[in-house]
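A quick write-up on the structure given underneath.
Scope of the values below: all heavy atoms of this structure, side chains included, with no hydrogens, waters or symmetry mates. Proteins get letters first, then strands, A, B, ... in listed order; numbering begins at 1 in each.
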Amino acid sequence: MEYNYNAIEQKWRNRWAERKTYQVEQDANKQKFYVLDMFPYPSGAGLHVGHPLGYIASDVYARYKRLQGFNVLHPMGYDSFGLPAEQYAIQTGQHPELTTKENIARYRDQLDKIGFSYDWSREVRTSSPEYYKWTQWIFIELFNSWYDKTTDKAMPISELVATFEKNGNANINAVSDQEEVFSSEEWNNYSEEKKEAVLQNYRLTYLADSWVNWCPALGTVLANDEVVNGVSERGGHPVEQKLMRQWSMRIKAYAERLLTGLEGLEWTDSIKDIQRNWIGKSKGASVQFQLKDSANAIEVFTTRPDTIFGVSFLVLAPEHPLVDSITTNENKEAVAAYKQNAALKSERDRQSDVKNVTGQITGAKAIHPFTGAEVDIWIADYVLASYGTGAVMAVPCGDQRDWDFATHFAIPIKNIFEDKDISKAAYTEKDAVIANSDFLSGLEAKVAIEKAIEAIEQKGIGKGKTNYRLRDAVFSRQRYWGEPFPIYYKNGLPQTIAVEHLPIVLPEVEKYLPTEDGQPPLGNATVWAWDTVANQVVENSKIDHQTVFPLELNTMPGWAGSSWYFLRYTDPNNTQAFASKEAVDYWKNVDLYMGGSEHATGHLLYARFWTKFLFDCGYIPFDEPFKKMINQGMILGRSSFVYRNEQGKYVSKNKLTGNETPIHVDISLVDNDKLDTEGFKKWRADFANAEFILEDDGSYVCGFEIEKMSKSKYNVQTPDELVEKFGADTLRCYEMFLGPVEQAKPWDTKGINGVSNFLRKLWRLFQIDENGLAHLSTDAPNKESLKSLHKTIKKVSEDLERFSFNTVVSNFMICVNELTEQKCNNKAILEQLVVLVSPYAPHIAEELWEKMGNGTTSVTQAQFPTFNEEFLVESTIEYPVSFNGKMRFKAALSATLSPKEVEEIVINSPEAA
RNA sequence: GCGGAUGUGGUGAAAUUGGUAGACACGCUAGACUUAGGAUCUAGUGCCGAGAGGUGUGCGGGUUCGAGUCCCUCCAUCCGCACCA
């Protein structure tokens, strides 16, 4: 009987659903294993062949772990808040919820066809109120917490308030923006507004006026990771700096723990490095420079306190708060002009202008703390207001930027390094011996740094300090399709809404655009006020600022819901908590996380932050969300092009003259680079009367390019057609066979026949007759077949353990080829082979499993075969190696021996003795 | 500029610890069979050479009995960061 994959796959899809084969429950007797895919945003384009690559790999692994007896949690859901649905709503008026639902249905349909072993009873959607209720709850928890540096964890804000009432804030060691020190009396006499303003400096999520990345085209602010090269990540629109009152997350509080936590993670070095880089820790010192004509001092941050005797001027960021007050009269105009110029420059201009040295002297002078010399104070936009203290001590001999600046403005450069030439460039290595530096002279830089910090601290003008480049993350978005904040405003002060009244459900609006006076889209809602008596959302008209108050108009960013979703899967329908204690204690964190590396500085950092926070609060027993991560590479599309010339004719590739414009053409109209010209004419109205300049053989040859798959490039390969044509099992094996999952590669179906053949050969081994019966031998298996099988078991388990998904398929092929050649139809052998193959090709495995007489059980309940070395040993070859004039024997390292075994053979060889 | 990764046939790629480089598959060549198929089977296929043989993992060195693998220099490609003091 032929291998009819369509019928078989249909049959098992239904059975799995009926039997709830992949539903898992907590089971204290079984060890858990949590395999998770990054959940997708359900876009209108549907799933393309790139999506399933990671999903298939993780599904293979989940199935493998299940066969090993683990209780495997393998869920799926949707990151369903997002921009495209909202933009579609703006254009068409269709509610984003509707669009999202339709897209999810399509995704689900596509996913089901590929045979994933997801437990769909645990599906989560970030846009469902039952889910975002708990996103809102976490927000409130953050609002009600502050970071205590002494205990190095988040603590309840109520304890902080209690301390303020008793002792003021003098002994509080917090991560905060609070600079003012107050006593308990002062605190107790503060107004409510003042108290809240102070608390905002401590809360882990807070409202503050801050410089944010404002994207006028998108009409919203963006987090740093959403801005790439000065333009928005989505859409590539320009981004400018704007001072706005926004919610922020005090992620900086976790900078050090986010850094050290990386060490224990099995992530790739490159992702860890990207995060390290993003956090950007640097050690150094802060030093105060007293102003000559004022009581004020300028605090600078430096990583090279050892070079302090090389300071020849100070530079402030143009936005530095002291600039205006210190500038001398004769420089006022020039400084103001420089400041204005700097403010007008966009991020992008500033970046492209790096090589251009600019600056302006303020006329003010500071006193060098050790030499007492007067040093000029400049402003320049190479100093960033948002890093360190917004001021630097310039050491031109040791810093290239300072050197460039000094050279440009003809400022004398003092050399404080022994035997180093600084006439052409600064000497920036940390290996020089310091000279001309009083008590630091003669010391090596490393020693000098410590000595300098000591001296600075002794003088009381600064201290050793660590700085992080990581900024607090802006948490407000001026959008409709996101989580509403559980916040209302009383006298302008933010108030939280108690968890029992959550969720605060997204209100209906007539327009999804911002309001005319620039308010976020929720400003269009007419039922968007909070009644503190009835504890519900009521009409805006009822706002009286006594019992009914306005609600927050911003919504949360896309990363809010995705920062904790892995926790929700452990207990997705809980209405009393984000997840029960028992559930998170049992399932714990994700053992294997599969997803793209593009989330390195976004989702992956924020999820780690929230996990650490929830850990601090005692809600979860771990402080890292994802233990092991694999980053699947992007599958690229192969776009096809037609070329239109100036006369409007379409020119075939080999007839091009160079003056034609390439136009993307739908890849479904192209076969083997040849265009279906009739189909092309029908494709779009403007091509209906297309005229062609063809090849000599009368065909039209298209050009191609490897690009990211996207709807607009008409190069999207959906998995559906391949499932239809070859079957899901073939698609699964083929995607794994393509190469290492981590690697980006263009999609290409050339090799799919080979994989398809493999499954057919596997089918044929079972000699299934016209009545669908397998003809297998129950005799004792022969040695040769046992060897083939066990060689494969060994290889496959080793390869799966090291996540080498592609080589596994090759080993299956070798095994099937060998068994075919051996004419093996032994039941005991083939049964184990079926189990072995089932993670890759679950449908055919189930069918064969059934045909072997295991009708009542599923192959998913089988045991993963164990490797028995006794079937392999005789396959080793020994060969002589000439070594130091003696002859020795060493075993050839065929795949069948472990290093230990090889060692033994070397020792036991008579010649070696 | 800094940090990370990668570099192997016509193609996708294997080679886990330094031990027969190119497994497995695509493609290609020749043949067999046929109900002519995107079917199956057989043989061949790194490069040079008729052959014996030589040569070969981005370039150039080094360590080693032995290097795709370890070390150094350089080159190329990709990714991340980028006036971060």
Side-chain angles (χ1 to χ4, degrees), chain A residues 2 228-229 268-278 280-282 284 300-304 307 314-315 317 350-351 353-358 380-384 386-395 398-402 404-405 428 467-471 597-598 600-601 631 633-634 725-726 733-734 737-740 742-746 748-758 760-761 764 794-795 798-799 801-802 804 806-817 820 877 879 881-888 890-895 897-900 902-903 906:
Chain A
E2 275 288 293
V228 178
N229 293 330
T268 61
D269 289 340
S270 76
I271 295 261
K272 287 189 190 181
D273 270 327
I274 291 171
Q275 289 208 349
R276 282 192 196 110
N277 206 325
W278 190 260
K281 178 178 182 171
S282 50
V300 302
F301 174 75
T302 177
T303 55
R304 296 294 303 274
T307 63
L314 300 185
V315 189
R350 246 166 119 152
Q351 278 174 17
D353 241 12
V354 167
K355 292 278 166 285
N356 249 335
V357 179
T358 65
D381 65 4
Y382 81 87
V383 177
L384 305 176
S386 51
Y387 182 76
T389 60
V392 302
M393 57 179 221
V395 183
D399 184 288
Q400 193 54 45
R401 292 155 306 174
D402 298 344
D404 291 340
F405 194 87
T428 55
N467 238 312
Y468 299 93
R469 199 161 58 189
L470 183 71
R471 311 285 154 82
S597 56
E598 67 272 20
T601 53
N631 306 111
M634 201 187 318
K725 239 170 166 174
F726 297 98
C733 292
Y734 182 60
F737 183 72
L738 270 178
E742 297 90 338
Q743 219 160 83
K745 53 211 147 214
D748 182 357
T749 51
K750 262 191 277 173
I752 200 165
N753 282 326
V755 177
S756 173
N757 287 345
F758 148 66
R760 271 200 297 271
K761 283 184 203 164
R764 257 183 258 129
K794 185 173 157 66
K795 273 284 205 181
E798 281 171 1
D799 287 352
E801 285 304 330
R802 64 191 176 101
S804 173
N806 54 331
T807 49
V808 170
V809 183
S810 296
N811 284 305
F812 287 156
M813 291 177 176
I814 295 169
C815 187
V816 167
N817 286 346
T820 304
I877 318 152
Y879 66 97
V881 174
S882 164
F883 179 33
N884 282 355
K886 285 185 200 163
M887 288 297 264
R888 265 205 188 191
K890 208 153 184 184
L893 297 192
S894 77
L897 284 183
S898 70
K900 211 174 154 194
V902 172
E903 206 58 40
V906 173

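Sparse packing is recorded around CD of E2(A), with 12 or fewer heavy atoms of other residues, nucleotides or ligands lying under 6.0 Å away. Other residues, nucleotides and ligands place more than 12 heavy atoms under 6.0 Å from the NZ atom of K281(A).
Each of rA14(B), rA85(B), rC81(B) was ranked by its minimum atom distance to the side chain of N806(A); first place goes to rA14(B). Distance from the side chain of S270(A) is smallest for rG4(B) among the nucleotides rG4(B), rA85(B), rA14(B). With distances taken from any side-chain atom of F726(A) to the nucleotides rG38(B), rG80(B), rA85(B), the minimum falls on rG38(B). Taking only side-chain atoms of T303(A), from C-beta outward, the nucleotide of rG4(B), rA15(B), rA85(B) with the closest atom is rA85(B). Picking from rC83(B), rA85(B), rA15(B) the nucleotide with the shortest atom distance to the side chain of R802(A) gives rA15(B). Taking the side chain of L384(A) as heavy atoms from C-beta on, and the options rG80(B), rG3(B), rA85(B), the nearest nucleotide is rA85(B).
If you find the closest nucleotide of RNA chain B to M393(A) and to D269(A), the one lying nearer the 5' end belongs to D269(A).
K725(A) NZ to T749(A) OG1: the interatomic distance, rounded to the nearest 0.5 Å, is 7.0 Å. Rounded to the nearest 0.5 Å, atoms OG1 (T601(A)) and CD1 (I271(A)) are 9.0 Å apart.
Annotation: rU6(B) and rC70(B) have their P atoms spaced 10 Å apart (nearest Å). Nucleotides rU77(B) and rC26(B) are separated by 33 Å at their P atoms, to the nearest Å. Distance check on atom P: rU69(B) versus rG62(B) gives 14 Å, rounded to whole Å. To the nearest whole angstrom, the two P atoms, one in rU64(B) and one in rA14(B), are 32 Å apart. Taking atom P in both rC72(B) and rG3(B), one finds a spacing of 14 Å when rounded to whole Å. rC78(B) sits 31 Å from rU63(B) when the C1' atoms are compared, rounded to a whole Å. rA21(B) and rG58(B) have their P atoms separated by 16 Å, with the value rounded to a whole Å. For the C1' atoms, the distance from rG61(B) to rU29(B) is 41 Å, rounded to whole Å.
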Quiz prompt | Footprint string (nucleotides 23-28 of chain B, 5' to 3'): B base within contact, S backbone only, - free, heavy atoms under 4.0 Å | solution = BBSS--
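When heavy atoms are screened at a 4.0 angstrom cut-off, K725(A) is found touching base atoms of the nucleic acid. Within the nucleic acid shown, N277(A) comes within 4.0 Å of at least one base atom, counting heavy atoms only. Among the protein residues, Q743(A) comes within range of the sugar-phosphate backbone only, with heavy atoms under 4.0 Å from sugar or phosphate atoms but none that close to a base. Base contact: R471(A) has a heavy atom under 4.0 Å from a base atom.
Scanning for side-chain hydrogen bond (donor to acceptor under 3.5 Å, both in side chains) contacts around N277(A) gives R469(A), with sequence neighbours left out. When the salt bridge (Lys or Arg N to Asp or Glu O under 4.0 Å) test is applied to D404(A), no partner is found at least two apart in sequence or on another chain. When the side-chain contact (heavy atoms from CB on, under 4.5 Å) test is applied to S270(A), the partners found at least two apart in sequence or on another chain are T268(A). For F726(A), there are no ring-ring contact (aromatic ring centres under 6.0 Å, His included) partners at least two apart in sequence or on another chain.
Salt bridge present: R276(A) and D273(A) bring a charged side-chain N and a carboxylate O closer than 4.0 Å.
The separation between Q275(A) atom CD and rC79(B) atom P is 20 Å, rounded to whole Å. Between the CG atom of D399(A) and the P atom of rG1(B) there is a distance of 17 Å, rounded to whole Å. A straight line from CG of D799(A) to C1' of rA14(B) spans 10 Å, rounded to a whole angstrom. Whole-Å rounding puts the Y387(A) OH to rA82(B) C1' distance at 13 Å. The interatomic distance linking L470(A) (CG) with rC81(B) (P) rounds to 14 Å, in whole Å. The nearest whole Å value for the distance from the CD atom in E2(A) to the P atom in rG37(B) is 16 Å. As a whole-Å value, the separation of M634(A) CE from rC79(B) P is 9 Å. If you take CG of D748(A) and P of rG38(B), they are 19 Å apart, rounded to a whole angstrom.
Helical stems in RNA chain B, defined as runs of 3 or more consecutive Watson-Crick or G-U wobble pairs with donor-acceptor distances under 3.5 Å: B:1-7 with B:75-81, B:10-12 with B:24-26, B:27-32 with B:40-45, B:46-48 with B:53-55, B:60-62 with B:70-72.
Taking the side chain as every heavy atom from C-beta outward, M393(A) and T307(A) approach each other to under 4.5 Å. Taking the side chain as every heavy atom from C-beta outward, M813(A) and V755(A) approach each other to under 4.5 Å.
Nucleotide rG9(B) carries a syn base; the chi torsion (O4'-C1'-N9-C4 or O4'-C1'-N1-C2) is within 90° of 0.
Looking at K794(A), its side chain has no donor and acceptor atom pair within 3.5 Å of the base of rU16(B).
Residue Q400(A) comes nearest to T428(A) through the heavy atom pair N-CG2, 4.0 Å, listed as atom of the first residue, atom of the second, then distance.
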